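Both backbone and side-chain heavy atoms feed into the values below; hydrogens, waters and symmetry mates do not. Lettering of chains follows the sequences in order, A, B, ..., and the numbering in each one begins at 1. Please read these numbers as outputs of a predicted model, since none were measured by experiment.
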There are 2 protein chains.
Amino acid sequence: MLAVTVSITAVALARKLALLWRGMPPSEASPPVRMKDIARELGLSVVTVSKVFRGHVDISEETRRRVLARMEQLNYRPNLAARSLATGRSYTMGFIAPDLVHPFFSELAKHIAGAVRRNGYHLLMSSSQEEASLEKEEIEHLLARRVDVLIVASSQPDPGGLRSVAERKTPLILIDRRYDRFPAHFVGVDDVLVGRLATQHLLEQGCRLIAYIGSANASTSLGRLAGYREVLAGAGAGYRPEYVATRSHGDDVGDETGYAAMKSLLALRPRPDAVFCHNDPTAMGAMKAILESGLRIPADVAVVGCGNVRYSEFLMVPLTSIDQDCAGLGKKAGRLAIELLNRPVKRPRTILLQPTLIARASSVAARF
Amino acid sequence: MLAVTVSITAVALARKLALLWRGMPPSEASPPVRMKDIARELGLSVVTVSKVFRGHVDISEETRRRVLARMEQLNYRPNLAARSLATGRSYTMGFIAPDLVHPFFSELAKHIAGAVRRNGYHLLMSSSQEEASLEKEEIEHLLARRVDVLIVASSQPDPGGLRSVAERKTPLILIDRRYDRFPAHFVGVDDVLVGRLATQHLLEQGCRLIAYIGSANASTSLGRLAGYREVLAGAGAGYRPEYVATRSHGDDVGDETGYAAMKSLLALRPRPDAVFCHNDPTAMGAMKAILESGLRIPADVAVVGCGNVRYSEFLMVPLTSIDQDCAGLGKKAGRLAIELLNRPVKRPRTILLQPTLIARASSVAARF
DNA sequence: TTGAAAGCGCTACCAT
DNA sequence: ATGGTAGCGCTTTCAA
């Protein structure tokens, strides 16, 4: 009997080694270790093993040691599907952005992920391509996956589409873009201030005919527009509706939108001598349009963007931009998310970070 | 009895409406609908409901209709944790890249996600920050989550770190970066050809002293270097080791690496009259260094990057770059991943796409 | 300090 | 065509 066992084992081992030798994985990998396996080996119950794993206190030091040691050896990893089913938590958060290739949102994703990582949380990310319907679909998809928290930089024109989420028990955190009087947590910057900073800066550079390129979809764009108008009004510089370009079509490609919008603005008389763009990709497109028209930046037209995206300084003309502290936003959102897992659902919290202007060549001393 | 029931329902409804009215979510959302609920309502068994949901054939048209109708009404969503536990699949794939803010990789992620989306798959994404140890950690993390497929743009200096993955049953797809004689699927471009295209192009522009900036970590960089050397040798243009800069430290910030490397290269005599950078962020850094030194692009130094990243044309000087068909890579990888879910594990497949050169101002007619 | 039992929601297998 | 039974691997509750 023993001989037979040995010989079978030997054959199996030989086969395995042969496969490894040829650089191939074994045809049948050993199935993952389960608590049951460890329990049986150590003559304990599954419950005890589970308790040790979760750091429960009513376990003797001796037992704990043995279990942990064995887990280490076998490289035990809990089956999260099983755990999810039992606990009702997925240890997963959803993050939806209009465009994950836009450096602002990918940077955001990176920092959120970093903030929740230590708590064993992973991010399921989706891109809505700046389309409200796709966003709704993705929200449903993530909700079906039972994400524990949903973080959304929303593309909904109004909060109606998010209403159904708010009605479920999954906590919802809006980031960057928000809706007034909508019962969800919010992490972002003061967009009106963003608009003020940018416009004020352009005025200080001597610009007088300041245009704005925004998007009709995004709340951020509206806030920035408000700040822009406010400062213009205060300066007596006059607000001209024709200097404001806000497209409503889904622009997950801000650069193209910015290019087209700037082309139109440049055709106006008097021609604008500055443009404030509601995000950096849009500003890139605008800069391209300006240079193509044979005009100089900032001498003929000064440009200010927003987001202070990673590659801003490598653009045609280094881009002045409003920094939104992307890293800060991500971290705050991540921390808030973790907090919401345990705390009872309190009233919506709003976290606002301060935007700051980073001056670069695209605007500095435009008129001098 | 009926009266009582009605009154309870009415009270509950009123409470719910009151809450909605105030714009707040109901304090306790109704728990998700389960197959059990639908089965009970319709006087069927859970099994039948399950079969309908999964499009099984042995179901009467009548039953199917009723079940689907009810599911629609109740907006039924399966509990994926339960399904995972029962099937052993997570309906999730892992994607690890050196840097998800790098537009090349975020674009890749976007297309992979798009390709697997219709199959009900979501992507768990992680960034390894170009560090081998972090990558290993993330791999373990994703494996613990039982992702069904793992797609990795690896930062390992050698495949040793991936060996343990290859030995498990989770299919592994390497993307962009690969290792010779390593038993994993691969989707990428022919990197030697990339190097040839870039170098050949620069020679054709009249450049003779062509430098290379790469990374010691990435297989891609080595392949491109090989192509570069090959062409230089063939042209009798001579290969000068001092013109090759490959840093080994983790450069998830290619732009800084490129900047520093270019600074050194510019100090050489004779000074290079062209530089081929193994990716676009590196090229951005290099361009900055060149312009800062008061030199012109391409007249003094021509630049070619690789990746043809979304914003390449908006840079200081529109950047000539080797396009790797990012969208194609993503789609191919996604399709392969789906295929691997069902097919038995066959021998590693290699999918190579053709790179193409996109000429822009940073290199064109450099010497004329 | 330990563990038996029950159950999370779904699917696989095999009867009927 | 339909459904009963038996899990999947883990946590929760409560008894020992």
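Aromatic pair B:F95/B:F105: centroids not less than 6.0 angstrom apart.
The stretch residues 57-72 of chain A does not touch DNA chain D, since none of its heavy atoms comes less than 4.0 Å from the strand.
Looking at every heavy atom in both residues, A:P348 comes nearest to A:A184 through CB-O, 3.5 Å. Looking at every heavy atom in both residues, B:R347 comes nearest to B:H185 through O-CE1, 4.1 Å.
Taking the charged nitrogens against the carboxylate oxygens, A:R177 and A:E130 do have a contact shorter than 4.0 Å, which makes a salt bridge. The pair A:E137-B:R117 meets the salt-bridge criterion, since a charged nitrogen lies less than 4.0 angstrom from a carboxylate oxygen.
A tilted orientation is assigned to the rings of B:H141 and A:H122, their planes being inclined by 30° to 60°.
Just one of B:L174, B:L162, B:L142 meets the side-chain contact (heavy atoms from CB on, under 4.5 Å) condition when paired with B:L150; it is B:L142.
In this structure, B:R83 forms a cation-pi arrangement with B:Y91, its terminal cationic atom sitting closer than 6.0 Å to the ring centre and no more than 45° off the ring axis.
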Using a cut-off of 4.0 Å between protein heavy atoms and nucleotide atoms, how would you tag nucleotides 10-16 of chain D 5' to 3' with B, S and -? BBB----
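For B:I38 and D:dT2, the CD1 to C1' distance is 17 Å, given to the nearest whole Å.
Residues B:A81 and B:H56 both approach DNA chain C. Their nearest nucleotides, taken by heavy-atom distance, put B:A81 toward the 5′ side.
Nearest to the side chain of B:T48, among D:dT2, C:dC8, C:dT2, sits D:dT2.
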